[in-house]
Protein chains: 2
Amino acid sequence: MGRVNSKAGQSAEIIIQGDCIEAMNALPEKSVDLIFADPPYNLQLGGGLTRPDQSKVDAVDDDWDKFASFQVYDEFTRNWMNAARRVLKDTGAIWVIGSYHNIFRVGATLQDLGFWMMNDVVWRKSNPMPNFRGTRFTNAHETLIWATKSADQKKYTFNYDAMKALNDDLQMRSDWLLPICTGGERLKDGDGDKAHPTQKPEALLHRVLLATTNAGDTVLDPFFGTGTTGAVAKKLGRNFVGIEREERYIKVARERIRLIKTGAPEDLKVTTSKKAEVRIPFGTLIERGLLEPGAVLTDPAKRHAARVRADGSIVCRDATGSIHKIGAHVQGLDACNGWTFWHFKTDGKLKPIDILRQKVRAEMGEA
Amino acid sequence: MGRVNSKAGQSAEIIIQGDCIEAMNALPEKSVDLIFADPPYNLQLGGGLTRPDQSKVDAVDDDWDKFASFQVYDEFTRNWMNAARRVLKDTGAIWVIGSYHNIFRVGATLQDLGFWMMNDVVWRKSNPMPNFRGTRFTNAHETLIWATKSADQKKYTFNYDAMKALNDDLQMRSDWLLPICTGGERLKDGDGDKAHPTQKPEALLHRVLLATTNAGDTVLDPFFGTGTTGAVAKKLGRNFVGIEREERYIKVARERIRLIKTGAPEDLKVTTSKKAEVRIPFGTLIERGLLEPGAVLTDPAKRHAARVRADGSIVCRDATGSIHKIGAHVQGLDACNGWTFWHFKTDGKLKPIDILRQKVRAEMGEA
DNA sequence: TTCCGAATTGAATCTGTTG
DNA sequence: GCAACAGATTCAATTCGGA
C-alpha cells in the first residue's frame with residue numbers, strides 16, 4: 001500500500017494503492033465530506049451465457065467479486081463501512097451503489113451501523129443489457145442509497161435548487177434515467193478491451209456530487225477502479241481521495257484524471273434560489289458531457305455571449321439564469337426560447353443548442 | 001381469527017381475519033402458487049408487534065430505540081416469511097413491496113431464508129407526492145422484490161411473452177411506470193376519508209399476477225388490507241387467500257371484491273412462448289411427407305447443403321446428425337436452431353423448415 | 001466524403017427434457 | 001445424478017466496412 005499521487009494546494013487529488021479498510025484507517029478521522037462507494041456486487045453467475053446469435057457475453061468473473069457466502073459478504077461490508085464512518089465528518093454523507101445481488105445487504109448494514117437513509121435512488125439505464133434467455137424482466141436499473149452519518153444529523157449538504165435547475169425546474173426525483181458507460185467515455189486497455197468491467201458513467205457521478213457536495217469539499221471513493229469519481233470531482237472542483245487495490249486500474253485512472261480540467265470557479269457555482277421556468281432540462285446536456293461547464297454560448301450574430309455553469313444555469317455579464325431568461329434579458333424582451341437563441345461552436349460552425357437536446361432525446365427514447 | 005368468506009367450486013375466494021402468522025400456519029403446507037406481501041413498515045401503525053418472548057414493543061420512533069426497532073422489525077419479518085415459506089409450493093414465488101424504510105431489511109431476510117431473487121422491480125410513480133420542504137429528492141418510487149422459493153428451483157412461472165406483448169413487443173424492464181391509486185379506484189370510508197392509507201393500484205397487481213401466475217393458480221396475500229390483490233386475482237381468474245387483522249379493512253375488501261366479475265376464460269389467455277408448444281421431431285416432417293428422403297436443405301446464403309435421410313437425420317459432407325447438430329457443425333458454433341437455419345426450396349423460393357413444423361402443429365391442433 | 005447495413009457489446013445470479 | 005441433446009432467445013448504441 002502506498003500513496004501514489006498527492007498534490008498540495010487548492011485541489012487535492014490523492015490516489016492510494018492498497019486495501020481500502022487499511023487505507024481508510026490510515027486517514028485522519030472526520031476528514032471527508034462525502035463517500036461514494038461502488039463495492040463488489042457479489043454476483044453469482046452460472047455457466048457461460050450466450051446471446052441468441054451464439055456470441056458469448058463477457059461476464060464479470062473477477063476475483064474481487066468472489067465471496068464464499070452472504071455472511072462473508074456482510075462482514076466485508078460491515079468492515080469497510082465502519083472504516084468509512086470513522087473518516088466521515090459528522091456533517092458528511094455516503095452514497096453506495098449496487099444491484100439486487102448486494103444492495104439489500106448493503107442497505108441493511110448501513111442502517112445497522114447507524115447511518116440514516118435520505119433516499120434510495122434508482123439509476124434507470126436507457127440501454128441495459130437484455131435478458132437473452134427470456135427468463136426474467138430485463139435488469140434495467142441499479143440502486144443507489146444516499147445516507148447521512150446519523151439520524152440526529154440535521155446538517156447535511158443537499159443542493160436542492162441546483163437539482164431543480166438540472167431538472168427543468170421540477171424537483172429532482174428519485175429515479176434517474178442515464179445511459180450506461182459506452183463509446184468514447186469507456187476506457188480501454190492496450191488491447192482495446194474494456195479497462196474495467198463495471199465502469200460507471202460520469203453523468204451519474206456528476207449528479208451525485210453536484211447534489212451532495214460543494215466546491216472545495218473532499219470526496220472519498222474506497223473502490224476507485226478507473227477513477228470516475230476522481231474525474232468528475234476534479235471537473236467540478238472537489239478534492240478527492242481514491243483507494244484502489246489493483247495497480248492496473250490505478251494506472252488508467254491517473255492518466256484519465258491528468259487530462260481533466262477543473263471548471264472555472266464561476267462556472268461551478270450552482271443556483272441557490274429560484275429561477276425562471278424552463279421546459280427542457282438544459283442541465284442534462286452538461287451532465288452528459290455534450291457541453292462542458294464553462295462552454296460559451298452566443299446568439300447567431302455573436303452580439304451576446306454567455307458561459308455555461310455546472311447546474312445548467314448560464315452567466316452573461318452580471319446576469320445569471322436559465323437559457324431562456326438570459327436570452328430574453330440580453331435582447332430586452334419578455335421571453336425567449338433559449339434552445340433556438342443560443343448557439344455553440346462545433347466544427348467551426350455555430351449551431352443552436354437545440355440540436356444537442358434532440359440528440360439527448362433520441363438517446364433517451366421516452367421522456 | 002375466523003374464516004370470513006369461503007366459496008367452493010371453480011374459484012376460491014378466502015378472506016381470513018386474524019394474525020397473518022397464525023393464519024398461515026393454519027393453512028396446508030405447499031398449497032399456494034404465489035404470495036404477494038405488502039408488509040407494514042411503520043411499526044406504530046403495524047400495531048401489536050411482539051418480541052419473540054411475547055413482550056409488547058412500545059413506541060419505536062424514538063432515536064434511542066432505532067437499533068432495537070430494526071431488530072424487532074427483522075424478527076417480525078423472519079416470522080411471517082417463514083410462515084409464508086411453509087405454505088408456498090416448491091414451484092411458487094413471492095413478491096414483497098416496500099420503500100427504503102424497510103425494503104433493505106426485507107430483501108436481506110429473504111436471502112437469509114433461502115429465497116432466490118429473480119428481479120427487483122421499481123414502481124415509478126407518475127404522480128408522487130412532492131418533497132414539500134425541499135430537503136431530499138422526491139420519493140418517486142417503491143421497490144418490489146420477486147423471488148422464488150430456492151436457488152435450485154428450476155421451475156417457476158414467468159409469462160415472458162405476455163409481458164413482452166404488454167410492452168409493445170419489447171422485453172418488459174425492471175422499472176414500471178404506473179400512477180398511484182387515486183380517483184374512483186381509491187376506496188373511501190363512510191366519512192369520505194381514504195379507507196386504507198397505502199392502497200396499491202390495481203395496475204400494479206395486474207402486472208404482477210399476469211407475469212407470475214396462471215389462471216387457476218392460488219395467490220396468498222398475508223397483509224390483505226382493502227383487498228387489491230383479491231380484486232385483481234378475481235378479475236384475472238386466480239384463486240386467492242387474503243389475511244387481514246383489521247375488521248374494518250375486511251369489510252371494505254369484501255364489498256369491493258363482491259362487485260368484481262371474473263373475465264371470460266378466452267379473454268384471460270395470454271401470449272405464450274414457443275417453449276410451451278408441442279415438440280415436433282424433425283422426423284415427423286418426413287413421416288408426413290412434407291419432406292422426402294433425399295431432399296436438400298441449405299442455409300439462407302446457400303453456403304452449406306445437406307441431404308435429408310429417412311430417419312430425420314441429415315448429412316453434410318462427412319457429418320451426420322440432427323438438424324441442430326449439423327447446423328452448429330457447419331458454422332463452427334456450439335449450438336444452432338436447425339429449424340430456422342435450414343431452408344428448403346418451394347415455388348422457387350428458399351423457406352425455413354420451421355414453416356413446415358408450423359404446418360404440422362396447425363394440423364395437429366385441428367385434430 | 002457520406003450513407004447505410006452489419007457487427008459488436010454492456011454488473012447476468014439467463015433452459016428443459018430425456019436417457 | 002450426470003451427460004447428451006433439442007432448440008429458444010436480445011435492446012440500444014456505437015463502431016466498422018463497403019458502396
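The chains referred to below are lettered A, B, ... by the order of the sequence lines, with proteins before strands, and numbering in each begins at 1.
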Pair assignment for [N], Watson-Crick or G-U wobble, requiring both distances under 3.5 Å:
N       : value
dG18(D) : dC3(C)
dT17(C) : dA4(D)
dT9(D)  : none
dA11(C) : none

In this structure, how many angstroms lie between the [atom2] atom of [N] and the [atom1] atom of [X], rounded?
X         : N       : atom1 : atom2 : result
Phe104(A) : dT13(C) : CZ    : C1'   : 13 Å
Phe137(A) : dT9(D)  : CZ    : C1'   : 17 Å
Tyr73(A)  : dT13(C) : OH    : C1'   : 13 Å
His101(A) : dA12(C) : NE2   : C1'   : 6 Å
Leu45(A)  : dT13(C) : CG    : C1'   : 6 Å
Trp342(B) : dG7(D)  : CH2   : P     : 15 Å
Asn167(B) : dT10(D) : CG    : P     : 13 Å
His141(A) : dC11(D) : NE2   : C1'   : 17 Å

Does [X] have its ring centroid less than 6.0 Å away from the ring centroid of [Y]?
X         : Y         : value
Phe223(A) : Trp80(A)  : yes
Tyr41(A)  : His101(A) : no
Trp123(A) : Trp176(A) : no

Please work out if [X] contacts a base, only the sugar-phosphate, or nothing of the nucleic acid, heavy-atom cut-off 4.0 Å.
X         : answer
Ser273(B) : sugar-phosphate
Ile280(B) : sugar-phosphate
Trp116(B) : base
Met118(B) : nothing
Gly184(A) : sugar-phosphate
Ser322(B) : sugar-phosphate
Asn131(A) : base
Leu170(B) : sugar-phosphate
Gln54(A)  : base
Ala151(B) : nothing

Quick check with a 6.0 Å cut-off and a 45 degree axis cone: is Arg105(A) positioned over the face of Phe70(A)'s six-membered ring? yes
If the sugar-phosphate is the primed atoms plus P, OP1 and OP2 and the base is the rest, what is the B/S/- string for nucleotides 2-11 of chain C, using protein heavy atoms under 4.0 Å? -------BBB
Does the side chain of [Y] come within less than 4.5 Å of [X]'s, by heavy atoms?
X         : Y         : value
Arg133(A) : Thr50(A)  : yes
Val57(A)  : Arg51(A)  : yes
Thr148(B) : Met118(B) : yes

Using 4.0 Å as the upper bound for N to carboxylate O, is an ion pair formed by [Y] and [X]?
X         : Y         : value
Asp63(A)  : Lys66(A)  : no
Glu202(A) : Arg256(A) : yes
Asp58(A)  : Lys194(A) : yes
Lys56(A)  : Asp334(B) : yes

Any donor-acceptor pair, under 3.5 Å, between the side chain of Arg279(B) and the base of dT17(C), if you only look at N and O atoms? no
In dT15(C), glycosidic geometry as syn within 90° of 0 or anti otherwise: anti
Rounding to an integer number of angstrom, what distance separates [N] and [M] when you compare their [atom1] atoms?
N       : M       : atom1 : result
dT15(D) : dA11(C) : C1'   : 23 Å
dA8(D)  : dA12(C) : P     : 26 Å
dC5(D)  : dT13(C) : P     : 30 Å
dT1(C)  : dA19(D) : C1'   : 12 Å

Arg133(A) side-chain proximity, nearest of dT13(C), dA6(D), dC14(C): dC14(C)
[N], OP1 or OP2 - any side-chain N/O from [X] closer than 4.0 Å?
X         : N       : result
Asn337(B) : dA8(D)  : yes
Lys164(B) : dT10(D) : yes
Tyr160(B) : dT10(D) : yes
His324(B) : dG7(D)  : yes

What residues form a side chain to side chain donor-acceptor pair (under 3.5 Å) with Lys325(B), not counting sequence neighbours? none
With a 4.0 Å heavy-atom cut-off, tell me which residues in residues 350-360 of chain B come close to DNA chain C, sorted by residue number. none
